Amino acid sequence: MTLTQRCGAWLITLLVLTGSASIQAKTPDDQLIVGMNMNNLLTLDPAAMTGNEVVGIVVNLYDGLVELNPQQLTEVRPALAERWSVSPDNRTLTFHLRDNVRFHSGNPLTSADAVWSMRRVLHLNLAQASVWKSYGFSRDNVDQMVTAPDDRTLVITLPKPNDPQLVIYSLAALGSMVVLDRKTVQQHEVDGDWGNRWLTTHEAGSGPFRLDVWQAKDVLRMSRATDYWRGEAKMSRVVFRHLQESQTLRLMMQKGDLDIASNMAIPDVRALRHDPDLTLDAVRKGTIYYLAMSMKDPHFDNIKVREAVRYLVDYQGINKSLMTGYGELHQRPIQAGMPATLPDPGYRLDVPRARALLAEAGYPDGFDTTLRVLADQPFLNIAIAIQSTLLQGGIRAKIITGTGNQIYGAMRDRQFSLLVGRGGSGVEPHPHSSLRALVYNPNNADNARLTNFQGWRTGFYDAQLNRMIDQALVERDKNRQQQAYYAIQQRYDQLVPALMPISQMLDSVVVSNRVQAYQPHPSATTFLRDVWKTPEALAGGTP
């Protein structure tokens, strides 16, 4: 099928979906139509989700206790919890829930639902449990640590010393601790799975929208929830369309058949730069593009080999030629822009140095390996560039492409050698957020299954580094804490980590000027409840 035929097919599908009568009609005034690549959208279960795409959907189906202000990330705003307090010893957080909130099922939302939802994350022990494990929670202690003394009070006792503000940031930013309708989910439990299979394609929330349907790699529709406690959402429906080809997204934005487009190739974004009906938003996120090595592979368990690979990446060339609009050069595990972030170490492509290191490691003629990567941009171009420079050093890497589940699934199972990916939390405005996701690995055993920690995925483990991260987190003197984070980054470099940051993510989104009050969020928790659109007649189009 040609590109024109594909575009036409998508357009016809969209028009049927939205009920448009004319092929020239624009998107309906009361519906928001979003085009995006949904290859990495694998589940809607908040406890199991991975990737930015699903977070932006989940936070519109569910409510959390608190949320971050997208314009000032260090500001935590009330949500289901109208107020909260921290005990003098920093070990107990008490949240007071608002009255008269109901789930989409009609069931009343109580603190018992919040307790059950938090316990569920730890008992399931899926992707989103990793963050809470790092705070000391486990399936063995969570029932004692998270309690509800009454229907409107939730008490979280921290199992070990921590920075309570970071815990509050995590509650606000991650989307994993949203509150689920326990009665509805329990009706769909199978073999003690806490409703995981059912929640893969369903929801049980109290958010501004309710899920109508999700057809994987096709369409996800959600409709305005009636009687929402904040007041009903402005849009009657939000439709997410799976549009994998960037040129299709571009054409549909130009024709007015989409209101918002994300995951668009930067050349197509640039082509829309001067369109008077569109606005381009670029948001810097804490997520890092990286090259990962598995220390389960004997080649990369050798520090000399890892150091050689460090000098076989053309960081500057990749960022200049491939990452414009996708990311900015960054070589530290803590995201840019924080006082605790050291300047980049300045690593550059140095083939003679890399060859000497490989010879010292016992590989004067190099070796064969594999390099896994998503079949999407900019990942694939990064992988091709790295494959080329690795070959100059004698490392012959065969590229293996696949979907998010195939590529990151292999990484979560620690069954890979080299991998180009994008990850790291960075969603909370705190240095520990990045370190926890990219560096921290408190238990390197295979059965620990810390699948949301890149450190565990790569098999990178250093007990001293873990202790340093733990100690920095609870340091109350800000100057000493900053120095501690400097020391952590220095030791990380000295150990030659298995994950090498290349670029910090920029998220480019194209938005129709008809769309009002849309605020892209650095943590991917973009709320759509207040988004509205100017009528087509007022926008100058054909009513």
Side-chain angles (χ1 to χ4, degrees), residues 2-4 6-8 10-11 14 26-27 32-40 51-53 56 70 240-290 314-330 336-337 373-386 388 401 420-422 502-516 518-522 524 526 533 539-541:
T2 67
L3 172 61
T4 301
R6 283 193 295 268
C7 292
W10 281 117
L11 178 56
L14 183 63
K26 306 300 183 182
T27 59
L32 188 71
I33 313 299
V34 182
M36 61 186 289
N37 187 333
M38 298 165 72
N39 277 337
N40 207 30
N52 291 332
E53 294 83 1
F240 296 89
R241 294 294 306 175
H242 173 58
L243 298 168
Q244 185 168 335
E245 294 190 12
S246 178
Q247 289 180 319
T248 305
L249 286 165
R250 171 183 165 184
L251 176 63
M252 294 180 75
M253 286 300 301
Q254 287 174 315
K255 289 174 64 66
D257 297 315
L258 293 174
D259 298 308
I260 298 173
S262 60
N263 310 116
M264 191 182 296
I266 296 306
D268 290 309
V269 173
R270 290 186 195 136
L272 300 177
R273 184 181 303 162
H274 301 297
D275 190 318
D277 297 324
L278 304 174
T279 297
L280 276 55
D281 286 321
V283 181
R284 179 197 276 177
K285 300 201 170 185
T287 312
I288 302 295
Y289 290 93
Y290 56 72
D314 184 7
Y315 308 89
Q316 291 74 20
I318 288 172
N319 278 278
K320 182 178 180 181
S321 302
L322 306 177
M323 298 305 290
T324 301
Y326 290 116
E328 300 173 324
L329 177 64
H330 187 67
V373 64
L374 293 177
D376 301 322
Q377 299 302 349
F379 302 96
L380 187 55
N381 279 344
I382 297 172
I384 292 170
I386 290 175
S388 174
T401 61
V420 169
R422 186 179 70 197
I502 295 173
S503 188
Q504 184 164 329
M505 180 182 175
L506 290 176
D507 189 14
S508 295
V509 182
V510 181
V511 184
S512 165
N513 289 344
R514 292 182 62 202
V515 177
Q516 307 296 314
Y518 176 77
Q519 180 67 55
H521 200 297
T526 298
K533 290 162 62 176

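A quick note: this is a predicted structure, and the numbers were derived from the prediction, not measured.
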#### Entry: Counterpart residues, side-chain hydrogen bond (donor to acceptor under 3.5 Å, both in side chains), relative to Glu328 (two or more places apart)
Arg284
### Query
Has the side chain of Asp259 got a donor or acceptor atom that lies under 3.5 Å from a matching backbone atom of Ile33?
yes
### Query
side-chain hydrogen bond (donor to acceptor under 3.5 Å, both in side chains) with Tyr326: which residues, sequence neighbours excluded?
none
### Query
Who passes side-chain hydrogen bond (donor to acceptor under 3.5 Å, both in side chains) against Asn39, sequence neighbours left out?
Asn37, Gln244
### Under the ring pair (Phe, Tyr, Trp, His ring centres under 6.0 Å) test, residues paired with Phe379 that sit two or more places apart
Tyr289
### Short N-O contact, Asp257 and Lys26, less than 4.0 angstrom
no
### Sequence-distant partners of Asp314, salt bridge (Lys or Arg N to Asp or Glu O under 4.0 Å), two or more places apart
none
### Query
Which residue, Leu322, Ile386, Ile288, Val420, forms the side chain to side chain contact (heavy atoms under 4.5 Å, CB included) with Ile502?
Ile386
### Message
Using the rule side chain to side chain contact (heavy atoms under 4.5 Å, CB included), only one of Leu243, Thr248, Thr27, Leu32 pairs with Leu258; which is it?
### Response
Leu243
### Side-chain (Gln504) to main-chain (Gly327) donor-acceptor, under 3.5 angstrom
no
## Note on the structure
Hits for side-chain hydrogen bond (donor to acceptor under 3.5 Å, both in side chains) against Ser512, two or more places apart or cross-chain, chain-then-number order -> none
### Message
For Asp268, run the side chain to side chain contact (heavy atoms under 4.5 Å, CB included) check against Gln254, Met253, Gln247 and tell me which one passes.
### Response
Gln247
### Taking every non-hydrogen atom, the tightest pair across Gly325 and Ser508
O-OG, 2.9 Å
